[in-house]
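No hydrogens, no waters, no symmetry mates; every other heavy atom, side chains included, goes into these values. Every number for a ligand or one of its atoms is a count from 1 in the order of the listing.
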Amino acid sequence: MTEQRPGRSLTELSGLGPRMAERLERLGITTQHSLLFHLPYRYQDRTRVVAMGSLAPEQEAGCQGVVRAAEVVGRRRPMFVVRIEDGSGFLTLRFFQVRDYLKRTLQPGRGVWAFGTVRRGSVGLEMVHPEIEASGEAPPDPPSHLTPVYPLTEGLTQGRLRSWIAQALTRNRSRLPEHLPETLRAEHGWPALPDALEAVHRPDAEADVEALLAFRTPAQERLVFEELLAHHLALRKVGQQRRQARAPALTGTGSLTEGLREALPFELTGAQRRAWDEVRADLAGDRPMQRLIQGDVGSGKTVVAALAILQAVESGYQAALMAPTEILAEQHGATLKEWLEPMGLTVHWLAGSLPERERRAEADAIANGAARVVVGTHALFQKEVRFAELGLVVIDEQHRFGVHQRMALKEKGRDPHLLIMTATPIPRTLAMTAFADLEGSVIDELPPGRQPVDTVGISDARRDEVEARIRDAVAGGQQAYWVCPLVDESEMLQLEAATATHERLQAAFPELEVGLIHGRMSPEEKEAAMTAFKDGGTHLLVATPVIEVGVDVPNATLMVIEHAERMGLAQLHQLRGRVGRGSRKSACVLLYHPPLGDKAKRRIAAMRETNDGFRIAQVDLELRGPGEVLGTRQTGLEQMRIADLGRDRALVPALPRAADTLLSDDPDAADALIRRWVGERAVYGEVG
Ligand SMILES: Nc1ncnc2c1ncn2[C@@H]1O[C@H](COP(=O)(O)OP(=O)(O)OP(=O)(O)O)[C@@H](O)[C@H]1O
């Protein structure tokens with residue numbers, strides 16, 4: 001029998017069958033209780049009706065109007081296109097599938113309310129697949145309250161989730177255990193748990209809209225704090241466990257590490273030497289190293305990682321390097337090959353896209369110890385991969401590697417040493433609490449001869465100038481990147497944008513070789529695209545923002561970022577870091593579509609003013625807030641459900657004391673919090 005607690009079975013909810021339950025499981029939702037903690041990451045304001053005459057592209061808006069025309073257009077790919085009017089202007093609604101109910105609902109003369117993102121169409125502004133309501137002749141009223149937006153997975157819709165969550169709230173209100181101490185709640189004026197959940201899932205019409213959109217209501221703050229606290233507690237557990245654990249002492253012999261240092265065409269900078277000394281000392285100890293190397297883009301973290309890997313191999317152990325994306329992993333793979341293979345070491349490769357047979361062969365080599373150095377993605381840490389004697393794990397880009405992944409490492413052999421590299425400068429208070437289990441090294445010096453990148457903001461209307469710059473760069477024997485805009489949350493649209501940009505640029509520069517790289521390409525295609533660019537065969541490389549981290553082609557001296565106003569500062573800085581990696585002067589063009597919002601203006605100004613990642617990170621924290629969900633979600637330190645370490649950093653200093661109190665007064669509540677937010681097994685310092 002299922003528990004008579006809020007942990008009750010999902011399929012008790014109406015409209016939720018086993019198939020949907022399976023989909024929810026992909027989001028980690030297995031009970032009604034966990035469904036209630038699937039929280040909106042933003043809200044839509046559907047309460048306002050915007051006059052069609054004042055709509056602008058990119059705007060998410062609700063409109064009321066009357067259908068003036070409705071027709072099916074296109075033979076091969078028929079679409080349903082509807083034109084509505086509200087007295088101030090027209091708007092086109094476009095549907096890629098012709099559905100009968102749409103034809104019935106959207107007949108000429110009908111009043112409609114439509115909500116969606118506005119974009120420029122072939123004949124004026126349009127919305128693609130808007131949400132619609134239509135009744136009689138008068139347009140229906142908009143909703144009276146803000147609408148929550150939830151993270152989704154394939155086959156789920158916002159509407160369904162909202163309905164299930166509403167049911168779960170009603171059924172479980174009286175059964176939601178409170179784990180935050182009463183005194184803490186009183187001190188901050190935070191509501192009790194059921195009220196807090198109600199307020200975030202079903203904001204009422206009287207709610208403070210501004211505060212809600214900014215995630216600043218007491219209800220949101222309370223849940224944010226709970227989540228941060230749970231992660232903090234979980235990390236302390238992991239840290240504690242690892243401090244008690246044993247690791248192989250990788251004392252090394254110097255045979256390989258010295259070999260690499262001699263073979264490198266450069267001397268280590270002072271900062272690299274310091275970081276390497278710290279790492280080397282940790283590796284030689286019999287406690288697992290837990291070290292975070294922070295260094296600005298291009299500061300040379302990879303060399304330190306390579307030395308650590310060699311020290312592990314010299315000591316008779318395996319080493320693995322993991323990166324968050326395949327493109328990045330491939331880059332590291334290529335660099336390591338260049339350095340390690342001349343010393344007779346093979347660099348193995350394991351990623352999800354590898355054909356089954358090859359993956360199995362790699363997994364075997366890892367298990368029998370034939371593979372000494374392995375580079376890959378998360379696929380490295382799947383259950384079926386067992387290392388013979390893993391001594392060191394290097395992870396690139398901490399911010400995509402949360403507590404779960406860190407815990408997953410434990411299962412790979414005896415506790416290996418752990419080295420994490422990040423280019424995101426992490427302010428001290430955040431570092432202390434968000435990385436309660438790590439020690440840090442900083443590479444605060446760039447290799448000699450680097451020149452700061454000149455950054456300019458250019459309006460889209462002056463594209464010609466940008467194209468002239470590309471011709472100049474190529475004429476001077478250099479290369480350029482062209483980064484496509486970040487589109488929605490949809491990978492398909494992203495892909496379309498990249499392909500269209502590639503075609504457009506190839507047509508604009510018939511005399512140049514224009515390459516294309518995006519996340520959906522096969523590994524071979526990606527590698528071919530990267531190699532062609534590295535070798536200089538491609539002059540201009542069109543890329544989706546996935547090249548954000550790690551790509552290293554020193555001959556590329558120009559970076560054009562399209563729709564730069566849509567990107568967060570951290571991401572812009574990462575992207576810009578792809579140029580200025582050699583000794584030649586480089587430039588970064590932030591191409592924007594006016595009018596610029598206030599924050600976008602400040603972001604572009606900050607980029608023009610400084611190349612210093614630390615300064616950028618500070619401005620980023622000041623500017624971060626709602627409305628930049630895309631930016632923050634993609635570059636946030638960790639994917640949490642409601643908390644955002646940037647936006648919510650003011651709550652962070654209170655965490656250690658709250659954690660101490662809870663651990664001494666009510667350790668069960670501490671465990672329950674970890675279970676609720678991080679996962680059952682995290683309570684024991686294990687994989688969630
Ligand atoms: N001490 C050094 N002197 C000269 N060049 C160096 C030095 N260290 C590294 N480099 C070179 O600088 C470039 C950047 O190094 P690397 O890729 O390790 O940077 P990174 O810190 O990983 O940067 P990112 O976070 O941007 O990926 C590489 O081409 C590397 O070979």
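Looking at H332 against ligand 1, nothing comes within 4.0 Å, counting heavy atoms. At a 4.0 Å heavy-atom cut-off, ligand 1 does not touch Q574 at all.
Heavy atoms of R578 approach ligand 1 to within less than 4.0 angstrom. Ligand 1 is approached by R450 to a heavy-atom distance shorter than 4.0 Å. Contact annotation: E267 has at least one heavy atom less than 4.0 Å from an atom of ligand 1. Residue contact check for ligand 1: G298 places a non-hydrogen atom closer than 4.0 Å to it.
Rounding to the nearest 0.5 Å gives a distance of 7.0 Å between CG of L268 and CZ of R273.
R372 and T346 share no side-chain donor-acceptor pair at under 3.5 Å. Side-chain contact, E513 with T538: no donor N or O sits under 3.5 Å from an acceptor N or O.
By the 3.5 Å distance cut-off applied to N or O atoms, G300 is counted among the residues near ligand 1.
With ligand atoms numbered from 1 in the order given, ligand 1 contributes 16 (P), 17 (O), 18 (O), 22 (O) to contacts under 4.0 Å with heavy atoms of T302. Close approach of ligand 1 to R581 is summarised as follows: ligand atoms under 4.0 Å from at least one heavy atom of the residue are 14 (C), 16 (P), 17 (O), 19 (O), 23 (O), 24 (P), 26 (O), 27 (O). Every atom of ligand 1 is numbered from 1 in the order shown, and the set under 4.0 Å from a heavy atom of T269 is 1 (N).
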